[in-house]
Number of protein chains: 4
Amino acid sequence: MASRGINKVILIGNLGQDPEVRYMPGGNAVTSITLATSETWRDKQTGEAKERTEWHRVVFMGMLAEVAGKHLKKGSQVYAEGKLRTRKWQDQSGQERYTTEVLVDSFTGVMQMLGGNGGGKQQGASCQPRPTPQPAQSPANNEPPIDYDDDLPF
Amino acid sequence: MASRGINKVILIGNLGQDPEVRYMPGGNAVTSITLATSETWRDKQTGEAKERTEWHRVVFMGMLAEVAGKHLKKGSQVYAEGKLRTRKWQDQSGQERYTTEVLVDSFTGVMQMLGGNGGGKQQGASCQPRPTPQPAQSPANNEPPIDYDDDLPF
Amino acid sequence: MASRGINKVILIGNLGQDPEVRYMPGGNAVTSITLATSETWRDKQTGEAKERTEWHRVVFMGMLAEVAGKHLKKGSQVYAEGKLRTRKWQDQSGQERYTTEVLVDSFTGVMQMLGGNGGGKQQGASCQPRPTPQPAQSPANNEPPIDYDDDLPF
Amino acid sequence: MASRGINKVILIGNLGQDPEVRYMPGGNAVTSITLATSETWRDKQTGEAKERTEWHRVVFMGMLAEVAGKHLKKGSQVYAEGKLRTRKWQDQSGQERYTTEVLVDSFTGVMQMLGGNGGGKQQGASCQPRPTPQPAQSPANNEPPIDYDDDLPF
DNA sequence: TTTT
DNA sequence: TTTT
């Protein structure tokens, strides 16, 4: 409803892999992607070209989760606008861990496919067989589980 | 020098504690703050007012580190514009951990104190004794160590 | 509903005068403010300190128009997030003119008063008599008239 | 050098025509483009699909002016980050006019071509003859003249 | 893991 | 841990 402060993230990057779509108990989709942004620069001493790639975990909720799951794929270029969200979870040994994500909900977030649809999935035929979509399942061992309670502002 | 993609974070929030200033071997300051942003909303079922506070770790480099260390204090309201950066580090047991920060360097980042200096430190006299500034020292146990190599684009 | 492209403006500045609130035929409020942002720099040749102030015309629609009209005043510091909008109008001599505004609607825009309420109107008593709020009236000669048709996306 | 306030514009759009490159007396390039962003929505009463296109005048200075002039063309999709700037000029009849532009300078601005270079000019051969680049010349009658004095912060 |  |  209201807010104090501004929490805004704007990313343009390419997907490192196909989106993962999961479904909440209530039936709502939640789609996660990893997005690469990179910086290149020239080393002051050696003059060498350098590059650093940053990987972002972006989570779409609501209607945008459906759209992202349907239209994005590995390599797609996308604009995502959302907010930072750090989730606490426990690893196998019971230790507290934190994961920071960019949350893009359908009320305050924005998602746009870039590049004249060259970045998105083909509408008609697909050139290559792609892995079947991820069904709702337990997360892999090293990955923070998603356990959104019902009680969130979006 | 160049880049592929956009990696931008815009925050307005209040400092949870006084800034921590550290000095790199080369003498450059690095200042860290924790910034709170909050959202409030009304629960759809119960109608209760809810609030969620998000805490952001923001790291200033270069000239902005000096300014932030000198002029910000616990409770200050600040605008920070930077980029996401996830650092890998090892905890006591040797396990890999990741911490995501908002990096505000003096070339591409922005820092502004808000609120007509009401948010910043008083120029003349200080009302309350404040803890002495953090000297360069080993980080606390649970905190990711900062170990920036020399090789970064800022 | 959907969009192609991104059109986003983020401003933090101080109001040059009290907000102007007008009411549309349907009863909706539209509030306009002028917001100053400034840059300072040092002249490369002379070494003199320079300053340039930019004035922005910002228009709030919907619920934010009510809030802005009620809580902002001359001198308030405010965060406004909206989109660019250029309106065509005709001056007295019938010539086409264009005015570019930052439109902040209640669906995609954001408004936040900054500075620990020091920037907003006092809740209780007002220190100084302020001019009575602008009633719906014909715009001054040199000012572009607002004539929003009913047909807009917000 | 310093600043009070934030003045930031973020656009993603397509060029309506090829860029116009001009050269200042000192030899620096200034490149102007017009960028379209569009919104689509459904009319609440009639249910009709509606679309509104907004045209933005974007001006690149410094190194980015060179890059924009060389690599962008009509139809290119581009990310531009800059600041609002309203210039005063006089029309033929001596009347004061104002034009608002998005100024993207090479210190604080950002420009990125989007769409896997599909949006930019081809490197090797050009498919179609394109109009020769605009030499430095007097502006068209209805267009605001560019007359930057030497005295600006970028 | 992407993209150039 | 901030702020309202």
Side-chain angles (χ1 to χ4, degrees), chain A residues 1-7 11-20 32-41 49-58 72-80 86 113-115 118-120 130-131 140 142-143, chain B residues 1-7 11-20 32-41 49-58 72-80 86 113-115 118-120 131 140 142-143, chain C residues 71 79 112-120 123, chain D residues 67 71 79 112-120 123:
Chain A
M1 202 185 179
S3 285
R4 177 148 183 96
I6 297 293
N7 174 359
L11 299 174
I12 295 177
N14 297 278
L15 278 76
Q17 24 190 163
D18 285 334
E20 270 177 62
S32 301
I33 62 171
T34 52
L35 214 55
T37 58
S38 69
E39 285 182 290
T40 62
W41 70 100
K50 296 274 193 173
E51 174 164 13
R52 179 185 158 89
T53 296
E54 190 71 40
W55 288 97
H56 309 274
R57 188 176 170 88
V58 180
L72 297 178
K73 66 169 202 286
K74 180 174 173 174
S76 298
Q77 191 183 32
V78 72
Y79 171 94
T86 298
M113 293 161 52
L114 300 175
R130 296 195 310 107
N142 276 334
E143 222 181 279
Chain B
M1 202 184 180
S3 285
R4 177 146 183 99
I6 297 293
N7 174 0
L11 299 174
I12 294 177
N14 297 278
L15 277 76
Q17 26 190 162
D18 285 334
E20 270 178 60
S32 301
I33 61 172
T34 52
L35 214 55
T37 59
S38 69
E39 285 182 289
T40 61
W41 70 100
K50 297 272 193 174
E51 176 164 10
R52 177 184 157 90
T53 295
E54 190 71 40
W55 287 97
H56 309 274
R57 188 177 171 87
V58 179
L72 298 178
K73 67 167 201 288
K74 180 174 174 172
S76 298
Q77 191 182 33
V78 72
Y79 171 94
T86 298
M113 294 162 51
L114 300 175
N142 277 334
E143 221 181 281
Chain C
H71 294 295
Y79 171 94
Q112 292 241 337
M113 294 162 51
L114 301 175
N117 215 19
Q123 295 295 61
Chain D
V67 178
H71 294 295
Y79 171 94
Q112 291 242 337
M113 294 161 52
L114 301 175
N117 215 20
Q123 295 293 64

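By convention in this document, chain letters (A, B, ...) are assigned in the order of the sequence lines, proteins followed by strands, and residues within each chain are numbered from 1. Bear in mind that the values here come from a model prediction, so they are computed numbers and not experimental data.
Across all strands, A:Thr37 comes closer than 4.0 Å to no nucleic acid atom at all (heavy-atom distances).
Atom pair B:Ile33:CD1 and F:dT3:P shows a separation of 14 Å (rounding to whole Å applied). Atom CG of B:Leu11 and atom P of F:dT2 are 18 Å apart (whole Å). The distance from atom CG of A:Leu15 to atom C1' of E:dT3 is 11 Å, rounded to the nearest whole Å. Taking atom CG of residue A:Leu72 and atom C1' of nucleotide E:dT2, one finds them 13 Å apart after rounding to whole Å. For the pair A:Leu114 CG and E:dT3 C1', the computed distance is 13 Å after rounding to whole Å. Nucleotide F:dT3 holds its P atom 17 Å from the CD1 atom of B:Ile12, rounded to whole Å.
Closest to the A:Lys74 side chain, of the nucleotides F:dT1, E:dT1, E:dT3, is E:dT1. Candidate nucleotides F:dT3, E:dT1, E:dT3 were compared by shortest atom distance to the side chain of A:Gln17, and E:dT1 ranks first. Among the nucleotides F:dT4, E:dT4, E:dT2, the one closest to the side chain of A:Arg4 is F:dT4.
Separating the CZ atom in A:Arg4 from the CD atom in B:Gln77 is a distance of 5.0 Å, to the nearest 0.5 Å.
You won't find any donor-acceptor pair under 3.5 Å spanning the side chain of A:Thr34 and the base of E:dT2, going by distance alone. For F:dT2, its base never sits under 3.5 Å from the side chain of B:Ser76 at any donor and acceptor pair.
Taking the side chain to side chain donor-acceptor pair (under 3.5 Å) definition, one finds that B:Glu51 meets it with B:Ser38, sequence neighbours left out. Among residues two or more places apart in sequence or in another chain, the side-chain contact (heavy atoms from CB on, under 4.5 Å) test is passed with B:Asn7 by A:Leu11, A:Thr37, A:Glu54, A:His56, B:Lys83, B:Leu84.
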From CA spacing to verdict: side chain to side chain contact (heavy atoms under 4.5 Å, CB included), B:Leu15, B:Leu35
CA-CA 5 Å; B:Leu15 277 76; B:Leu35 214 55; 3.8 Å; yes
